[in-house]
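For this chain, numbers begin at 1 and follow the sequence in order. Fair warning: this is a prediction, and the values are worked out from it, not measured in the lab.
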Amino acid sequence: MEKREDYISWDEYFMGVAMLSALRSKDPNTQVGACIVSPDNKILSMGYNGFPIGCSDDDFPWSREGTEGDIDNKYFYSTHSELNAILNYRGGSLDGCKLYVTLFPCNECAKAIIQCGIKEIVYRDDKYSDTPGVRASKRMLSSSGVKYTKYTETGREVMLKF
């Protein structure tokens with residue numbers, strides 16, 4: 001008997017973990033997940049977008065917009081999945097690691113990705129590609145030598161679409 005040939009690739013596996021992590025997000029509009037992987041394909045950390053530890057999901061706003069000058073919108077409080085994955089890692093350096101993320105990182109997350117030494121990003125969606133934040137993110141990532149590639153759908157993602 002020979003080994004099975006239809007097993008999933010590392011990219012499918014780790015993007016699946018990022019997609020599963022996104023399901024933990026309580027954000028009613030956008031759920032994003034991230035998975036950080038070592039150079040030898042070990043999962044080091046995961047994260048999803050949400051509020052910081054100790055900030056109750058019931059006490060802070062989930063709306064995208066408050067009144068002008070108001071602080072009642074999620075953007076003042078939520079932490080993106082990439083930053084959560086970086087902050088959740090307690091094992092030392094992330095130098096040379098790879099990040100799988102369901103949505104292309106914003107400029108603020110790009111700064112953290114660069115600073116912690118992650119060298120490659122595999123992203124699933126880039127729906128904000130024309131925004132200044134994502135354009136700035138790509139500029140910084142390219143300048144600092146962080147490679148980013150779009151995740152290639154293989155047709156098996158049906159089992160990963162929850």
Side-chain angles (χ1 to χ4, degrees), residues 10-38 42-67 69-91 93-94 97-142 144 146-153 157 159-162:
W10 286 118
D11 280 351
E12 289 170 310
Y13 180 65
F14 297 131
M15 188 56 74
V17 170
M19 292 168 64
L20 188 61
S21 296
L23 295 177
R24 284 286 309 145
S25 174
K26 295 164 188 83
D27 190 316
N29 298 302
T30 305
Q31 300 82 44
V32 182
C35 177
I36 300 174
V37 180
S38 70
K42 304 289 187 280
I43 295 174
L44 300 178
S45 187
M46 294 165 285
Y48 56 89
N49 58 314
F51 298 137
I53 295 170
C55 294
S56 171
D57 297 327
D58 298 320
D59 295 338
F60 287 85
W62 285 108
S63 63
R64 291 180 178 179
E65 299 169 8
T67 58
D70 195 10
I71 59 170
D72 276 339
N73 74 66
K74 67 180 180 178
Y75 298 112
F76 289 114
Y77 309 103
S78 63
T79 304
H80 289 181
S81 66
E82 305 93 307
L83 185 57
N84 266 329
I86 290 167
L87 295 173
N88 287 340
Y89 184 59
R90 302 279 193 249
S93 175
L94 293 173
C97 290
K98 187 185 285 190
L99 171 71
Y100 288 82
V101 64
T102 59
L103 185 62
F104 197 92
C106 72
N107 60 304
E108 293 299 321
C109 289
K111 294 174 193 176
I113 290 164
I114 293 164
Q115 287 296 96
C116 77
I118 290 173
K119 293 300 179 199
E120 187 173 351
I121 299 168
V122 178
Y123 64 93
R124 188 162 195 263
D125 192 10
D126 194 9
K127 68 181 180 179
Y128 299 112
S129 63
D130 293 331
T131 64
V134 171
R135 290 190 352 252
S137 174
K138 290 176 181 176
R139 184 177 179 184
M140 286 187 286
L141 294 167
S142 295
S144 63
V146 176
K147 177 183 174 189
Y148 52 90
T149 53
K150 182 160 179 36
Y151 173 67
T152 305
E153 303 279 335
E157 280 70 21
M159 68 180 169
L160 297 177
K161 291 183 180 171
F162 307 97

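From Met15, atom CE reaches atom SG of Cys35 across 9.0 Å, with rounding to the nearest 0.5 Å. From Thr30, atom OG1 reaches atom CG of Asp125 across 10.0 Å, with rounding to the nearest 0.5 Å. In this structure, NZ in Lys26 is found 4.5 Å from OH in Tyr48, a value given to the nearest 0.5 Å. Atom CG of Asn84 sits about 10.0 Å away from atom CD1 of Ile36, to the nearest 0.5 Å.
Formation of a donor-acceptor pair under 3.5 Å by the Ser142 side chain with backbone atoms of Arg139 is not found in this model. Side-chain N or O atoms of Ser63 include one that pairs as donor or acceptor with a backbone N or O of Asp72 at under 3.5 Å. In terms of modelled atom types and a separation under 3.5 Å, the side chain of Ser137 and the main chain of Gly133 share no donor-acceptor contact. Here the side chain of Arg135 pairs a donor or acceptor atom with the backbone of Asp130 at under 3.5 angstrom. A donor-acceptor pair under 3.5 Å links the side-chain atoms of Trp62 to the main chain of Asp57, judged by distance alone. Checked by atom type and distance alone, the side chain of Tyr77 pairs as donor or acceptor with a backbone atom of Ile71 at under 3.5 Å.
Of all heavy-atom pairs between Thr102 and Arg124, the closest is O-CB, 3.5 Å. Between Val146 and Ile118, the shortest heavy-atom distance links the atoms CG2-O, 3.4 Å. Ala85 and Gly47 make their closest contact through CB-N, 3.8 Å (heavy atoms, listed as atom of the first residue, atom of the second, distance). Between Ala22 and Val32, the closest heavy-atom pair is CB-C, 3.5 Å. Heavy atoms only, all atoms of each residue included: Pro105 and Glu82 are closest at CA-OE2, 3.0 Å. Across every non-hydrogen atom of Tyr89 and Leu94, the tightest pair is CD2-CD2, 3.2 Å.
Side-chain contact of Ser25 with Asn49: a donor-acceptor pair under 3.5 Å is present, judged by distance alone.
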Take Lys74 and Arg64 through the side-chain contact (heavy atoms from CB on, under 4.5 Å) test and state the conclusion after the steps. CA-CA 6 Å; Lys74 67 180 180 178; Arg64 291 180 178 179; 4.0 Å; yes
Step by step, would you call Glu108 with Leu83 a side-chain contact (heavy atoms from CB on, under 4.5 Å)? CA-CA 9 Å; Glu108 293 299 321; Leu83 185 57; over 6 Å; no
Would you check, one step at a time, whether the test side-chain contact (heavy atoms from CB on, under 4.5 Å) holds for Ile43 with Tyr13? CA-CA 10 Å; Ile43 295 174; Tyr13 180 65; 4.2 Å; yes
Chi angles and distances behind the side-chain contact (heavy atoms from CB on, under 4.5 Å) call for Asp126, Lys138: CA-CA 11 Å; Asp126 194 9; Lys138 290 176 181 176; 2.6 Å; yes
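The aromatic rings of Tyr123 and Phe104 lie perpendicular to each other, with more than 60° between the two planes, well past the 30° mark. Under the 30°/60° scheme for interplanar angles, the aromatic rings of Trp10 and Phe14 are found to lie parallel. A tilted orientation is assigned to the rings of Phe51 and Phe60, their planes being inclined by 30° to 60°.
Residues Tyr151 and Glu12 meet the side-chain proximity criterion, which asks for heavy atoms closer than 4.5 Å. The shortest side-chain heavy-atom distance between Lys127 and Leu103 falls under the 4.5 Å cut-off. Between Val37 and Glu120 there is no side-chain heavy-atom pair separated by less than 4.5 Å. In this structure, Cys97 and Leu44 have side chains that are in contact, with non-hydrogen atoms separated by less than 4.5 Å. By the 4.5 Å heavy-atom criterion applied to side chains, Ile121 and Val101 are counted as neighbours.
Under a cut-off of 6.0 angstrom, the local environment of NZ in Lys150 is crowded, with over 12 non-hydrogen atoms contributed by other residues, nucleotides or ligands.
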